[in-house]
Amino acid sequence: MTGSVLLDISEVRENSSALTKEFRMASAIKRFLPLFDRVLVERFAPELKTKGGIMLPEKSQGKILQATVVATGKGARDQQGNIIPPSVKPGDEVLLPEYGGTKVVLEDKEYFLFRDSDILGKFES
């Protein structure tokens with residue numbers, strides 16, 4: 001056989017489980033679509049260690065104000081009925097207010113739902 005490639009079975013299993021997890025996550029998010037000017041975000045994970053390697057207890061970990069946009073609604077409507085598109089798109093990194101948002105759990109993962117106008121800013125890369 002020409003051009004055949006041998007793969008380690010453990011490598012195939014790892015890759016397939018990662019793909020399955022991504023597919024389940026994508027399908028869960030596809031089943032949930034924010035309405036109007038709502039934005040679904042996933043907060044960044046909190047730092048569990050300091051730079052020096054000291055483990056931080058949960059109470060001393062601050063609230064994470066940065067998140068990644070997962071999905072957006074079509075946008076709000078103005079008085080004439082025209083749709084105003086959201087100012088962020090999926091994949092954008094945003095700055096959130098300290099309080100607010102609605103917690104949504106999809107496939108055992110926490111997301112938060114904010115209005116587009118509640119998002120404080122967008123990080124440029």
Side-chain angles (χ1 to χ4, degrees):
M1 291 170 105
T2 60
S4 64
V5 177
L6 296 176
L7 294 174
D8 182 16
I9 192 69
S10 62
E11 184 179 327
V12 171
R13 284 185 183 151
E14 287 176 17
N15 290 338
S16 66
S17 67
L19 289 174
T20 304
K21 183 178 178 182
E22 286 179 21
F23 176 74
R24 280 188 291 143
M25 184 56 61
S27 65
I29 292 169
K30 285 184 181 180
R31 286 191 307 239
F32 182 83
L33 295 173
L35 296 177
F36 306 113
D37 63 339
R38 301 289 200 277
V39 178
L40 185 70
V41 298
E42 181 180 4
R43 288 186 191 252
F44 289 167
E47 291 292 327
L48 301 176
K49 286 184 182 179
T50 63
K51 291 181 182 179
I54 299 171
M55 297 293 288
L56 294 173
E58 283 187 32
K59 291 196 176 207
S60 69
Q61 295 172 6
K63 197 168 193 179
I64 304 300
L65 302 179
Q66 292 182 356
T68 301
V69 175
V70 178
T72 62
K74 301 244 185 248
R77 293 193 179 267
D78 62 9
Q79 291 186 356
Q80 288 78 28
N82 300 323
I83 293 178
I84 303 168
S87 58
V88 294
K89 61 186 183 307
D92 285 347
E93 292 183 8
V94 295
L95 181 66
L96 303 173
E98 189 170 354
Y99 300 103
T102 303
K103 185 171 150 182
V104 178
V105 178
L106 299 171
E107 298 287 327
D108 298 329
K109 203 162 187 184
E110 285 186 2
Y111 297 94
F112 291 87
L113 202 56
F114 286 90
R115 287 188 181 271
D116 185 42
S117 60
D118 290 342
I119 294 176
L120 302 176
K122 179 168 73 169
F123 292 101
E124 295 289 328
S125 54

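Keep in mind that this is a model prediction, so the values were computed, not measured. Nothing fancy with the numbering, it's 1 onward along the sequence.
- Shown here is Phe36, whose CZ atom has no more than 12 heavy atoms of other residues, nucleotides or ligands within 6.0 Å.
- The existence of a salt bridge linking Glu93 and Lys122 is excluded, since no basic side-chain nitrogen approaches an acidic carboxylate oxygen closer than 4.0 Å.
- Between Lys103 and Glu110 there is a salt bridge, since a side-chain N of the basic residue sits under 4.0 Å from a carboxylate O of the acidic one.
- Judged by a 6.0 Å distance limit and a 45° cone about the ring axis, Arg38 is not positioned over the six-membered ring of Phe114.
- In terms of the salt bridge (charged side-chain N to carboxylate O under 4.0 Å, His left out) criterion, Glu98 has no residue partners (sequence neighbours excluded).
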Kindly list each side-chain donor-acceptor pair under 3.5 angstrom involving residues 64-76, sequence neighbours excluded, with atom names and distances?
none

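- Within the structure, the side chain to side chain donor-acceptor pair (under 3.5 Å) test picks out the following pairs touching residues 75-88 (sequence neighbours left out): Ser87-Asp116.
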For this session: Please step through side chain to side chain contact (heavy atoms under 4.5 Å, CB included) for the pair Leu120 and Leu96, ending with a clear verdict.
Result: CA-CA 6 Å; Leu120 302 176; Leu96 303 173; over 6 Å; no

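- The salt bridge (charged side-chain N to carboxylate O under 4.0 Å, His left out) search around Lys89 returns Asp92, not counting sequence neighbours.
- Asp37 meets the salt bridge (charged side-chain N to carboxylate O under 4.0 Å, His left out) test with Arg115; sequence neighbours excluded.
- Linking Ile, Leu, Val, Met, Phe, Trp and Tyr whenever their side-chain heavy atoms come within less than 4.5 Å puts Phe112 and Ile119 in one cluster.
- Here Thr102 pairs with Leu113 under the side-chain contact (heavy atoms from CB on, under 4.5 Å) rule; sequence neighbours left out.
- Looking at residues two or more places apart in sequence or on another chain, you find no side-chain contact (heavy atoms from CB on, under 4.5 Å) involving Pro85.
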Exercise. Yes or no on side chain to side chain contact (heavy atoms under 4.5 Å, CB included) for Leu106 and Tyr111, after CA distance, side-chain angles and deciding distance?
Worked result: CA-CA 7 Å; Leu106 299 171; Tyr111 297 94; 3.9 Å; yes

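- Alongside Ile84, the hydrophobic cluster contains no other residue (criterion: ILVMFWY side chains under 4.5 Å).
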